[in-house]
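Just so you know, residue 1 is the first one in the sequence shown, and it goes up from there.
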Amino acid sequence: MTTARTATPSTARAINDRLALNLLLDQGPLTATELRELTGLSRPTVADLLDRLGRSGLVAVVGERGEQRRGPNARVYALVASRAHLAAFDVRSGGVSLVVADLAGRTLATADLVVEDPGADDDAGHRAAADRIMSVLLDTARRAEVPHLHTVAVGAPGLVDPATGRLQSTGDLPAWHADLLAALRELPGTEVILENEVNLAGRAEYRTGAARGRDDFVLVWLGHSVGAAVVLDGRLRRGIGGGAGEICFLPVPGTAALPTATGCEGGFHGLVGSAAVCALARDHGLPADPADDAAAAEAAVRAALGELGDGRPGGPFLDELAERIALGTSAICVVLDPGCVVLGGEVGRAGGAELAARVERRLARLSPVRTEVRAGETGGGAILAGAVLTAGDAVRRDLFGEP
C-alpha cells in the first residue's frame with residue numbers, strides 16, 4: 001500500500017510562490033488581503049511569500065489602495081514585468097515579423113522585415129540574410145531598453161521534430177531559416193524554442209481566442225496553404241515526428257492528382273490553398289489578384305461577403321469554398337472527434353462567422369460526429385501571439401519554478 005507524502009516546507013513555499021505570481025500575472029496588482037482571499041493562505045504565509053518574492057526581484061510595491069488606509073494592508077503588490085524579457089518570431093518564406101515583450105507578455109517593440117531569397121546555392125547570401133535579421137532583433141531590443149532576452153520563440157512553416165527541435169521543410173523554405181535559427185541559438189544565456197507556426201496559432205486560440213474554455217479542438221489554418229493544430233485534453237499534439245496537422249498532404253476528392261512525400265499540390269492544399277481559392281473566385285466572377293497569395297485569397301473572400309444575395313456571386317462562391325473545406329475537415333473530425341473546429345489564417349479570418357456557419361452545415365451532412373465550427377478570434381497576429389505565450393510560459397517555468 002502506498003502512502004501520500006506530505007509536502008516539505010520548501011516545496012510548499014514554491015507552490016505558494018507560483019500561486020501568488022500567477023495571480024499577479026493574470027489579475028494585475030493586488031493587496032496582501034486580496035491575495036489571502038484568492039489563495040486561501042494565512043496572513044503570515046502571504047506576508048512571508050511577499051517578502052521572499054520582493055527580495056528575489058519578482059514582486060514590488062507599486063502603491064497603496066484606500067484613501068483612509070495606510071500601512072501593510074494598503075500596499076499594492078505587482079509582478080516586476082521587467083525582471084525578464086522575451087522575443088517572438090513569425091518566420092515566413094519572404095520575411096519575418098518579431099515582437100520584444102516583457103515577463104507579462106506586454107509588447108515593448110515590434111519590427112517587420114522583408115527578406116529576399118538569395119537563391120538555393122548562395123550560402124553567403126543566406127548567412128547575410130540571417131545576420132540582417134539578427135541585427136534588426138538586437139536593435140529592436142535596444143530600442144525597448146532590453147539588455148538581454150531570456151527566451152526567444154520562433155514560429156516557422158514545416159515539421160519541427162519534438163525530440164531534436166530541428167526544422168524539416170515540407171516545401172521550398174529558403175536556407176536562411178536554418179541560418180537564422182543557428183544565429184539565435186548562439187545568443188548567450190538565451191533559450192530558443194522552435195515551433196510550427198500553425199501550432200503557435202492554435203495555442204493563441206486556446207488561451208485567448210475562439211477555443212477558450214475548450215480542452216479539445218482543432219484549428220484549421222487557411223492561408224497560402226492549409227494546416228492544423230490539434231489540441232486534445234488541453235495538450236497540443238505534435239505527433240512522433242512533429243507531423244500532426246500536416247493536412248495539406250491529405251488526399252481528398254476533387255484534385256487532379258495525389259499528393260507525394262515532397263509535394264502537397266495534389267492534396268487538400270490543392271482545394272483550399274490560396275491559389276485554389278483565387279481560382280474559384282474568378283470562376284464565380286469575383287475579383288482575385290493574380291498573385292494568388294494569401295492576401296489575394298483573403299481579399300477575394302471579403303469581396304464575396306460583399307456580394308451576397310439573390311443572383312449575386314458571393315453566396316455560391318462561399319458555398320463551394322465551404323464544401324471544399326468540409327471535405328478535409330470531416331476526415332479530421334471522424335478520426336479525432338474534437339467537437340470544435342476553429343477556422344484561422346487569412347481565409348478563415350476573412351470568412352468569419354458566415355463561412356464558419358456554412359462549413360458547419362456541410363460537416364453535419366458529411367460526418368456523424370457532431371462538430372461546432374467557429375471563426376478564429378486572434379486575427380492576423382495569431383502566430384506571434386502564440387509565440388509570445390510560448391516564450392512567456394518558458395520564462396515563468398524558469399523564474400517561477402513552474403512544473
Run the numbers on L41 and L35 for side chain to side chain contact (heavy atoms under 4.5 Å, CB included), then give the verdict. CA-CA 8 Å; L41 299 174; L35 276 170; over 6 Å; no

Between L286 and A304, the two heavy atoms sitting closest are CD1-CB, 3.7 Å

Quick check against the 3.5 Å criterion: does R212 have a side-chain atom that pairs as donor or acceptor with the backbone of G209? yes

Taking side chain as C-beta onward, heavy atoms only, is T329 less than 4.5 Å from R362? no

If you define the side chain from C-beta out and look only at heavy atoms, does anything of C333 sit under 4.5 Å from V341? yes

Is any side-chain N of the basic residue among D131 and R127 closer than 4.0 Å to the acidic one's carboxylate O? no

Please determine whether the number of non-hydrogen atoms from other residues, nucleotides or ligands lying under 6.0 Å from atom CZ of R282 exceeds 12. yes

Enclosure of E372 CD (heavy-atom neighbours >12, cutoff 6.0 Å): yes

Scan D17, N22, V395 and name whichever one has a side chain to side chain contact (heavy atoms under 4.5 Å, CB included) with F400. N22

Minimum-distance pair of heavy atoms, taken over all atoms of T140 and A111: OG1-CB, 3.6 Å

Can you tell if the side chain of R397 reaches within under 4.5 Å of the side chain of T151, non-hydrogen atoms only? no

Evaluate whether atom CG of D121 has more than 12 neighbouring non-hydrogen atoms of other residues, nucleotides or ligands under 6.0 angstrom away. no

When rounded to the nearest 0.5 Å, the distance separating CG of D90 from CG of L200 is 8.5 Å

Can a salt bridge be assigned to the pair R65 and E34 using a cut-off of 4.0 Å between side-chain N and carboxylate O? yes

Is a side-chain donor or acceptor of E360 paired with a backbone partner of V373 at a separation under 3.5 angstrom? yes

Side-chain heavy atoms of L399 within contact of R83, under 4.5 Å: yes

Do D292 and S274 have side-chain atoms, one donor and one acceptor, less than 3.5 Å apart? no

For G344 versus L219, what's the shortest heavy-atom pair and its separation? N-CD1, 3.7 Å

Are the side chain of N16 and the backbone of A12 linked by a donor-acceptor contact shorter than 3.5 Å? yes

Which heavy atom in G267 sits nearest to a heavy atom in T255, and how many Å separate them? O-CG2, 3.4 Å

Distance in Å, F249 CZ paired with S225 OG, rounded so as to fall on 0.5 Å steps: 8.0 Å

Donor-acceptor pair, side chain of E195 and main chain of V160, under 3.5 angstrom: no

Are a donor atom and an acceptor atom from the side chains of R36 and T33 found within less than 3.5 Å of each other? yes

For residues A382 and A204, report the shortest heavy-atom separation together with the two atoms involved. O-CB, 3.6 Å

Rounded to the nearest 0.5 Å, how far does CZ of R13 lie from OG1 of T8? 7.5 Å

Quick one: does Y206's side chain get under 4.5 Å of L389's, heavy atoms only? no

Is a side-chain donor or acceptor of S367 paired with a backbone partner of A364 at a separation under 3.5 angstrom? no

Just by modelled atom types, is the L271 backbone N or O under 3.5 Å from a matching donor or acceptor in the R324 side chain? yes

How close do L232 and R237 get, heavy atom to heavy atom, and via which atoms? O-NH2, 3.2 Å

Close side-chain approach of R214 and R374, heavy atoms under 4.5 Å: yes

Are L25 and L21 close enough, and set up right, to give a side chain to side chain contact (heavy atoms under 4.5 Å, CB included), and what steps lead you there? CA-CA 6 Å; L25 177 68; L21 287 166; over 6 Å; no

Please determine whether side chain to side chain contact (heavy atoms under 4.5 Å, CB included) holds for the pair V192 and F89, giving the CA-CA distance in whole Å, both sets of side-chain angles, and the decisive distance to 0.1 Å. CA-CA 11 Å; V192 178; F89 271 88; over 6 Å; no

Is H284 reaching over with its side chain to a backbone N or O of E320, donor-acceptor style, under 3.5 angstrom? no

Is there side-chain contact between L137 and L184, with heavy atoms separated by less than 4.5 Å? yes

Rounded to the nearest 0.5 Å, what's the gap from CD1 on I325 to CG on L222? Could you check? 5.0 Å

Within a radius of less than 6.0 Å around CZ of R143, do more than 12 heavy atoms belonging to other residues, nucleotides or ligands occur? yes

Hey, what do you get for CZ (R358) to CG (L318), rounding to the nearest 0.5 Å? 5.0 Å

Lys/Arg-Asp/Glu bridge criterion (N-O < 4.0 Å) met for E197, R92: no

Assess whether atom CD of Q27 is packed by more than 12 heavy atoms of other residues, nucleotides or ligands within 6.0 Å. yes

Quick one: pull up CD in E246 and CG in L159 and give me the separation to the nearest 0.5 Å. 4.5 Å

Evaluate the criterion side chain to side chain donor-acceptor pair (under 3.5 Å) for residue pair D102 and S82; output intermediate values, then yes/no. CA-CA 6 Å; D102 63 18; S82 60; over 6 Å; no

Any donor and acceptor pair, going by atom type alone, linking the side chain of D233 with main-chain N or O of R235 inside 3.5 Å? no

Between R312 (side chain) and L308 (backbone), is there a donor-acceptor pair under 3.5 Å? yes

Start with the C-alpha distance between T190 and H148, add both sets of side-chain angles, then the distance that settles side chain to side chain contact (heavy atoms under 4.5 Å, CB included), and finish with yes or no. CA-CA 8 Å; T190 300; H148 174 257; 3.7 Å; yes

Between R349 and G376 (side chain of the first, backbone of the second, donor and acceptor by atom type, cut-off under 3.5 Å), is there such a pair? no

With a 4.5 Å heavy-atom cut-off, do V272 and V347 have their side chains touching? no

Counting heavy atoms not belonging to R185, are there more than 12 under 6.0 Å from its CZ? yes

Counting neighbours of NE2 on H177 that are heavy atoms of other residues, nucleotides or ligands and sit closer than 6.0 Å, is the number greater than 12? yes

